[in-house]
Amino acid sequence: PMDTGSSEVQVALITARIKELTEHFKAHKKDHHGRQGLIKLVNRRKKLLTYLRRTQPDRYNKLITDLGLRK
């Protein structure tokens, strides 16, 4: 609960926020400023996942399966 610095936790928190925002945009289609924030979050998550895949592939694979990000 106190660990917010590790890459896995950051990706999990960002993923939860992305899910919340996608639900928000289903109801508010014209919220373009909020959509910019969503795009920034997706890019930040992508950078963290790229870093994790490069440095620790086993932890990357476990995180992907736990969060269900890739198909």
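Quantities reported herein were computed from a predicted structural model and do not represent experimental measurements.
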Notebook entry, point to check: With a cut-off of 6.0 Å (strictly less than), are more than 12 heavy atoms of other residues, nucleotides or ligands near OH of Tyr51?
Noted result: no
Next item on the list: Check the pair Leu63, Leu69 against side-chain contact (heavy atoms from CB on, under 4.5 Å), reporting the backbone distance first and the verdict last.
Entry: CA-CA 9 Å; Leu63 181 66; Leu69 292 179; 5.8 Å; no
Notebook entry, point to check: Do Val42 and Leu21 share a hydrophobic cluster, counting only Ile, Leu, Val, Met, Phe, Trp and Tyr and linking them when any side-chain heavy atoms are less than 4.5 Å apart?
Noted result: yes
Next item on the list: Can you measure from CD1 (Ile18) to CG (Leu13) and round to the nearest 0.5 angstrom?
Entry: 11.0 Å
Next item on the list: Report the distance from atom NE2 of His24 to atom CZ of Arg35, rounding to the nearest 0.5 Å.
Entry: 8.5 Å
Next item on the list: First locate atom OG1 of Thr22, then atom NZ of Lys19, and finally report the distance between them rounded to the nearest 0.5 Å.
Entry: 8.5 Å
Note to self: Measuring from atom CG of Leu48 to atom OH of Tyr60, what distance do you get when rounded to the nearest 0.5 angstrom?
What the structure shows: 12.0 Å
Note to self: Go through it in stages, so that I can follow the logic: the residues are Glu23 and Glu20, the test is side-chain contact (heavy atoms from CB on, under 4.5 Å), and I'd like the CA-CA distance, side-chain angles, deciding distance and then a yes or no.
What the structure shows: CA-CA 5 Å; Glu23 291 299 318; Glu20 290 174 12; 6.0 Å; no
Next item on the list: Working to the nearest 0.5 Å, report the span between OG of Ser6 and CD of Gln56.
Entry: 9.5 Å
Note to self: Show, in sequence, the C-alpha distance, side-chain angles and deciding distance for Arg70 and Leu49, and conclude whether the side-chain contact (heavy atoms from CB on, under 4.5 Å) test is met.
What the structure shows: CA-CA 12 Å; Arg70 306 276 183 244; Leu49 286 172; 4.0 Å; yes
Item checked: Gap separating the CZ atom of Arg59 from the CG atom of Leu52, nearest 0.5 angstrom -> 6.5 Å
